[in-house]
Amino acid sequence: MARKKQYWLMKSEPDEYSIDDLEKDGTAHWDGVRNYQARNFMRDQMKIGDKVIFYHSNAKPSGAAGIAEVASEAYPDFTAFDPNDKHFDPKSKKDKPTWYMVDVKFVKKFDRFVPLSEIKENPKLQNMKLVQRGNRLSVMPITKEEFDEIVKMGKAKK
DNA sequence: GCCAACGTTGGC
DNA sequence: GCCAACGTTGGC
């Protein structure tokens, strides 16, 4: 049988790229990840069809904005090769890239935005790396239970 | 804008 | 290999 579906949380600053941008574009490549742990998750563990919580960081407020889906295997992040790109990294070579990215596909925007404060208050979500002190990972695995809980919180209140 | 926490770099 | 200095992340 196929591998179990994995769930992820991916952070983006909405000033840079928000859930609305993704909705408009349909799919986007998740470029600019310059953290080895996050890269390893994308390169080694992400599979097409994995579900992603799209999280707005450095936002007012920060929080979970919607759902996306992994739409490609990892491939070299070409923005690292472009000296004019702000994510340029001279250490990444075309024949041996340091950085990778995946494509993500828009699935849905939450009926209601789930602010970080509510995630922190939810006892079911206390194990997430997101709420642990000082965590700066921009791509992190989450459990199905955590994914489902956030999706539930993102539904409009009756 | 502040600042704590973290990752990376570079001198030794 | 240690560790101080520096740059970045990200909540507030």
Side-chain angles (χ1 to χ4, degrees), chain A residues 6-25 28-46 50-70 74-104 106-143 145-147 149-155 157:
Chain A
Q6 179 64 260
Y7 296 84
W8 304 94
L9 182 143
M10 295 173 87
K11 296 181 184 173
S12 179
E13 305 200 8
D15 289 346
E16 298 283 328
Y17 201 84
S18 73
I19 188 85
D20 295 316
D21 294 322
L22 185 62
E23 178 168 24
K24 197 170 54 197
D25 295 342
H29 39 255
W30 202 272
D31 63 274
V33 171
R34 295 293 178 268
N35 170 285
Y36 288 103
Q37 234 185 317
R39 178 209 62 188
N40 291 345
F41 287 137
M42 290 199 296
R43 188 191 56 189
D44 304 334
Q45 294 187 40
M46 276 195 184
D50 282 358
K51 290 287 193 290
V52 176
I53 296 282
F54 194 111
Y55 178 88
H56 284 180
S57 66
N58 250 323
K60 302 178 186 106
S62 296
I67 304 171
E69 190 180 298
V70 177
Y75 57 97
D77 182 343
F78 52 77
T79 65
F81 305 138
D82 179 359
N84 296 318
D85 194 281
K86 70 181 240 193
H87 298 301
F88 175 60
D89 181 352
K91 293 194 296 302
S92 185
K93 303 287 189 254
K94 281 192 177 147
D95 55 346
K96 198 172 183 299
T98 310
W99 304 113
Y100 287 78
M101 60 184 169
V102 296
D103 288 348
V104 297
F106 177 79
V107 175
K108 69 169 292 199
K109 187 177 171 178
F110 286 152
D111 298 328
R112 63 179 277 284
F113 183 80
V114 181
L116 179 60
S117 57
E118 290 185 23
I119 294 174
K120 284 182 168 166
E121 282 166 10
N122 189 324
K124 291 181 189 158
L125 301 176
Q126 292 315 298
N127 288 330
M128 290 178 72
K129 289 193 177 62
L130 180 69
V131 301
Q132 287 163 14
R133 196 180 57 149
N135 195 281
R136 291 165 43 180
L137 258 190
S138 60
V139 175
M140 66 184 78
I142 60 177
T143 66
E145 289 69 29
E146 289 161 347
F147 180 89
E149 185 65 19
I150 294 175
V151 169
K152 204 166 88 189
M153 292 165 79
K155 292 200 166 115
K157 288 198 170 137

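Small disclaimer: the values here were computed from a predicted structure and weren't measured. Numbers restart at 1 for each chain; the letters A, B, ... are given by sequence-line order, proteins then strands.
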Practice item. Taking all heavy atoms of A/I19 and all of A/A65, pick out the closest pair and write down the distance. Key: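 Shortest heavy-atom separation between A/I19 and A/A65 comes out as CG2-CB, 3.8 Å.
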Check your understanding: Do you know which two heavy atoms are closest between A/P61 and A/F113, and how far apart they sit?
Key ->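 Of all heavy-atom pairs spanning A/P61 and A/F113, the closest is O-CZ, 3.4 Å.
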Review point. Is the distance between the ring centroids of A/F78 and A/H29 under 6.0 Å?
Key: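 Yes - the distance between ring centres of A/F78 and A/H29 falls below the 6.0 Å cut-off.
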Practice item. Kindly state whether the ring of A/W99 and the ring of A/Y36 have centres lying under 6.0 angstrom apart. Key: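 Under 6.0 Å, so yes.
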Practice item. Take A/R133 and A/K91, find for each the nucleotide of DNA chain B with the closest heavy atom, and name the residue whose nucleotide sits nearer the 5' end. Key: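 Whichever sits nearer the 5' end wins; that is A/R133.
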Check your understanding: Do the side chains of A/M10 and A/V104 get nearer than 4.5 Å, heavy atoms only?
Key ->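 Yes - at least one pair of side-chain heavy atoms lies under 4.5 Å apart.
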Study note, to complete from the structure: 5' to 3', nucleotides 4-10 of chain C under a 4.0 Å protein heavy-atom cut-off (B base, S sugar-phosphate only, - none) gives ---BBBB
